[in-house]
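Atoms within a ligand are numbered from 1 in the order they appear, just like the ligands themselves. For reference, positions follow the sequence shown, starting with 1.
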Amino acid sequence: MSLLKVKEVKKTFKSGKAALNNVSFHLNKGECLGLVGESGCGKSTLARCLLRVEKIDSGSISFHGEAIERLDERRLHPYRKKIQIVFQNPSAALNPKLKIKESIIDLYEQYHHSLNLNHFSYTSKEQFVQQLLDAVELPSELANRYPHELSGGQKQRVTIARAISTEPELIVLDEPTASLDVISQKAVLTLLTELRETLNLSYLFISHDLAAVSHMSQRIIVMNSGEIVDQFNQEHLFSDDRHPYTKELVSIF
Ligand SMILES: Nc1ncnc2c1ncn2[C@@H]1O[C@H](COP(=O)(O)OP(=O)(O)OP(=O)(O)O)[C@@H](O)[C@H]1O
């Protein structure tokens, strides 16, 4: 069974803007599914709908076969622990007033009553933070710093540490490297690939960067003006039967 199934989802904003139109796709457990499309095509709206931050107008989004649009707040809580998000801008995602260790523990503590950890252990806050910093390859002394005392790449590693602290099954990566320099981009993508394998994670990797999506993903879906126009296995990216819009993206690859 698919981990995530999105079926005929529509979302129109009050302004009349149709951001998602009949969007359908599935995501298998353990895979990285790439979602590529130009700015404004609806990628972030889709991410917000998956997290139930935004409500869909029609269609369905199911996780392990359960329709999330029908979950009440109480039943949403365990869902939200299983699906985490990493945003484009780590500076905006981290509270500037919290030390790194406090930011990491903060998210965990929202869920700790319902957490059943397999990969990390929780005997003390310090030890837990240490394990997470190790997992994202950051030195332990960063735990006592504030976000402004870290580089962009280090901050993004902290947001990844936060995301994996609840041991989610799925992480939505919304342009996770867009704000980083080329060297840090590569390092963060390598880290994400390693974490997917060691923690048995699944990713929805959202980006306008077809090269990054192609590097990371086993399957790719292409979005244009709120619609999925193409879906294919990564090795078929250059094949002749690609949608004209995909071919256009490939030509500027
Ligand atoms: N709250 C909102 N109210 C009205 N329109 C919105 C709202 N949020 C997004 N939109 C519009 O919906 C469309 C899709 O926006 P979205 O942010 O999902 O695109 P995107 O593909 O993530 O773009 P980018 O890559 O630039 O982040 C855009 O035309 C945007 O202006």
J.: So does E69 pair up with K55, basic N to acidic O under 4.0 Å?
T.: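 Here E69 does not pair with K55 in a salt bridge, since their nearest N and O are not under 4.0 Å apart.
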J.: Under 4.5 Å between any side-chain heavy atoms of L94 and R162, yes or no?
T.: yes
J.: Excluding sequence neighbours, so at least two apart, what forms side chain to side chain contact (heavy atoms under 4.5 Å, CB included) with A93?
T.: T159
J.: Do R75 and E66 pass the salt bridge (Lys or Arg N to Asp or Glu O under 4.0 Å) test, and can you show the C-alpha distance, the side-chain angles, and the key distance before you say yes or no?
T.: CA-CA 11 Å; R75 286 166 67 219; E66 186 166 39; 2.8 Å; yes
J.: Does the side chain of Q88 come under 3.5 Å of the side chain of D174 through a donor N or O and an acceptor N or O?
T.: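 Checked: Q88/D174 side chains show no N/O donor-acceptor pair below 3.5 Å.
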J.: Under a 4.0 Å N-O cut-off, is there an ion pair linking E73 with R80?
T.: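 Yes, this pair counts.
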J.: Enumerate, one pair per line, all nitrogen or oxygen atoms of ligand 1 lying under 3.5 Å from a protein nitrogen or oxygen, stating the separation to 0.1 Å; write 'none' if no such pair exists.
T.:
residue, atom, partner, partner atom, Å
ligand 1, 18 (O), S44, N, 3.4
ligand 1, 18 (O), T45, N, 2.9
ligand 1, 18 (O), T45, OG1, 2.6
ligand 1, 19 (O), G42, N, 3.3
ligand 1, 21 (O), G40, N, 3.3
ligand 1, 21 (O), C41, N, 3.1
ligand 1, 21 (O), G42, N, 3.0
ligand 1, 21 (O), K43, N, 3.0
ligand 1, 21 (O), K43, NZ, 3.1
ligand 1, 22 (O), S44, N, 2.8
ligand 1, 22 (O), S44, OG, 2.8
ligand 1, 23 (O), G40, N, 2.7
ligand 1, 25 (O), K43, NZ, 2.9
ligand 1, 26 (O), S39, OG, 2.5

